[in-house]
**Student:** 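Below is one structure. I have some questions about it.
What you are looking at is a predicted structure, and each value in this text was computed from that prediction instead of being measured. Order of the sequence lines fixes the chain letters, A, B, ..., with proteins taken first and strands second; residue numbering starts at 1 for each chain. In what follows, every heavy atom counts, from backbone to side chain, and hydrogens, waters and symmetry copies are set aside.
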Amino acid sequence: MSAIAWTFGTRRAWVIAVTAFLAYGALYLFATKAFVLEATAGFSRFGALPKLIVAPDLTLGHLTRWLDPVFVLYLSDGAVLSPSAPVLLTALVLGSLIGLNAAVTVEAALRRPPACERGGAWWVVAVLPSFLASFSCCAPTILLLVGATFAGAVIAVVPFVVPVAAALLLGSLAWSLRRLERTTVLAAAPAA
Amino acid sequence: MEADRTAGRSSLKGHSMKLRRRDFLALSAGALAAQACGATGGAPPSTGSASGGAPDELDVISGLIQSGGPPPDGIPPIEKPRYVSIREASEIWRDDDVVDALILDGQARAYPRMITVWHEIVNETAGGKPVSITYCPLTGSALVFSGVLPDGTTTTFGTSGQLYNSNLVMYDRATNSFWPQLFGTAVRGTHKGQRLEELPGAVTTTFGRWKAKHPDGLVLSTDTGHARSYGTSPYGSYDTQEGTIFPVRFEDDRYPQKKVVVGVRWNGAALAIPKEEHRRRREASAEVGGSSVVVLYDEELDAVRVLDRATTEPLVAYDVMWFAWVAFYPDTEVLT
């Protein structure tokens with residue numbers, strides 16, 4: 001039995017993964033201002049809600065443009081969603097990795113296979129850069145986070161934050177799965 | 001009225017921005033003087049097209065330009081602006097929404113900041129020639145530039161993604177020269193040291209006031225060719241919070257950083273008119289660069305107009321955040 005199949009053998013693992021994915025995705029979109037809640041905005045002035053506006057100049061170039069939303073969705077008078085393709089992909093990829101890491105870690109801890117008796121939550125280390133990735137395209141948010149003094153320095157490193165976060169999350173997931181794989185496979189193997 | 005000639009406390013901020021103030025003042029004075037020399041007679045430095053800016057100072061400025069984050073045109077200018085009538089626009093914009101407005105080709109036009117905050121430049125034509133309406137959200141300044149470069153080449157402008165003193169650095173698409181908006185002079189590229197022609201007459205007002213004065217006017221449409229969440233600002237409450245995101249070269253604590261002043265450059269000198277105070281004063285006279293100007297309050301538009309007393313011609317005068325004005329012009333006079 002693979003470690004992934006073992007992990008997601010319970011309904012709880014799915015709930016943890018999906019919850020972590022949605023929570024991170026929402027936070028990421030909010031932090032990048034791709035999702036805005038503004039009670040007094042009055043978005044109904046732009047037409048009947050909900051209103052979807054797809055980027056009129058949509059091209060493959062959008063895949064690399066952090067500041068260029070692919071659509072604007074006015075959800076209500078005070079809520080609008082306008083993610084760019086990189087922001088959307090980052091939310092999906094990092095959110096999925098965080099969800100997977102969370103499910104694997106929690107399941108391993110609760111069901112206690114030998115591999116997880118010590119350590120196993122290194123993915124938590126990767127959560128910080130993945131959250132920092134939330135600020136990779138929005139200087140004002142950086143200001144709020146670290147203050148003006150360091151904003152310039154942060155802007156210099158943000159291009160590396162998303163790949164670093166993804167690499168850390170992938171590494172942590174691979175490490176946890178390999179350990180689980182050994183124990184679950186060994187446990188399922190017939191005795192010699 | 002008295003112009004306060006006392007330079008405020010200046011400081012250098014940012015580890016890469018070490019320049020002694022007296023050096024800067026000397027260079028800045030040289031730059032302003034050169035701009036004035038580029039203008040003929042009493043014409044404002046902003047309308048001259050001849051050389052302006054001492055080379056050393058331009059190199060210093062060029063060296064202090066820093067990335068704001070986005071790549072060139074990552075903040076995309078509006079290239080083919082569309083307009084709607086005031087009546088149509090009234091269904092979208094509230095009376096207190098801020099617009100930058102002017103008369104172009106005899107037509108009143110308003111540019112809602114809720115749109116321009118996402119684009120910073122609107123490339124337009126007037127009289128068959130390119131004109132760019134520019135707005136820098138980080139310094140709160142809107143200026144209108146001719147797209148005819150000093151050598152006669154026509155161009156449109158793009159956002160370089162770079163900043164100087166937290167201010168938009170535009171680039172012209174004909175030569176890729178860099179033009180800090182509040183400086184109006186190229187600091188890098190083919191046109192280094194040359195000034196752009198600035199068009200007078202633009203005001204920052206509210207949609208309601210502009211609508212009342214120009215009920216037949218046109219308003220920039222949200223159909224910009226780009227998808228943006230108009231109605232929100234990517235800068236949040238930046239306008240009202242203390243502090244800048246990016247370092248500035250000089251600071252002066254006589255006023256809060258984000259206080260709105262009306263900036264005027266004239267005959268090689270700079271004058272700041274605190275807007276709120278001038279609302280109460282209504283009318284004043286001032287000396288700028290040795291010339292007499294009249295400062296009027298336009299109640300209809302809640303705007304400040306500055307005229308050359310001798311010719312009654314309007315000078316280029318625009319709203320700008322105090323911190324930005326003194327960062328560019330630390331020896332500015334202030335109309336108190």
**Student:** Rounded to the nearest 0.5 Å, what's the gap from CZ on B:Arg113 to OG1 on B:Thr206? Could you check?
**Tutor:** 12.0 Å
**Student:** How about B:Ser229 and B:Thr232: does a side-chain donor come under 3.5 Å of a side-chain acceptor?
**Tutor:**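 Yes, because at least one side-chain N or O of B:Ser229 sits under 3.5 Å from a partner of the opposite role on B:Thr232.
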**Student:** Are the charged groups of B:Arg249 and B:Glu57 less than 4.0 angstrom apart, N to O?
**Tutor:** yes
**Student:** Counting heavy-atom pairs under 4.5 Å with chain B, which one of A:Val70, A:Ile53, A:Asp57, A:Val80 comes out on top?
**Tutor:**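 Max contact count across the listed options: A:Asp57.
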**Student:** At a heavy-atom separation under 4.5 Å, does B:Thr224 approach chain A through its side chain, its backbone, both, or neither?
**Tutor:** neither
**Student:** Do you see a donor-acceptor pair shorter than 3.5 Å between the side chains of B:Arg173 and B:Thr156?
**Tutor:**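 A pair is found: one side chain offers a donor N or O, the other an acceptor, under 3.5 Å apart.
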**Student:** Against chain B, label A:Thr40 side chain, backbone, both or neither, depending on which of its atoms sit under 4.5 Å from a heavy atom there.
**Tutor:** backbone
**Student:** Go through the side-chain N and O atoms of B:Tyr83 and B:Glu88 and say whether any donor and acceptor fall under 3.5 Å apart.
**Tutor:** no
**Student:** So which part of B:Trp93 gets closer than 4.5 Å to some heavy atom of chain A, the side chain, the backbone, both or neither?
**Tutor:**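 Both backbone and side chain.
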**Student:** Checking heavy atoms, do the side chain of B:Asp73, its backbone, both or neither come under 4.5 Å from chain A?
**Tutor:**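 Contact with chain A involves no heavy atom of B:Asp73 at all.
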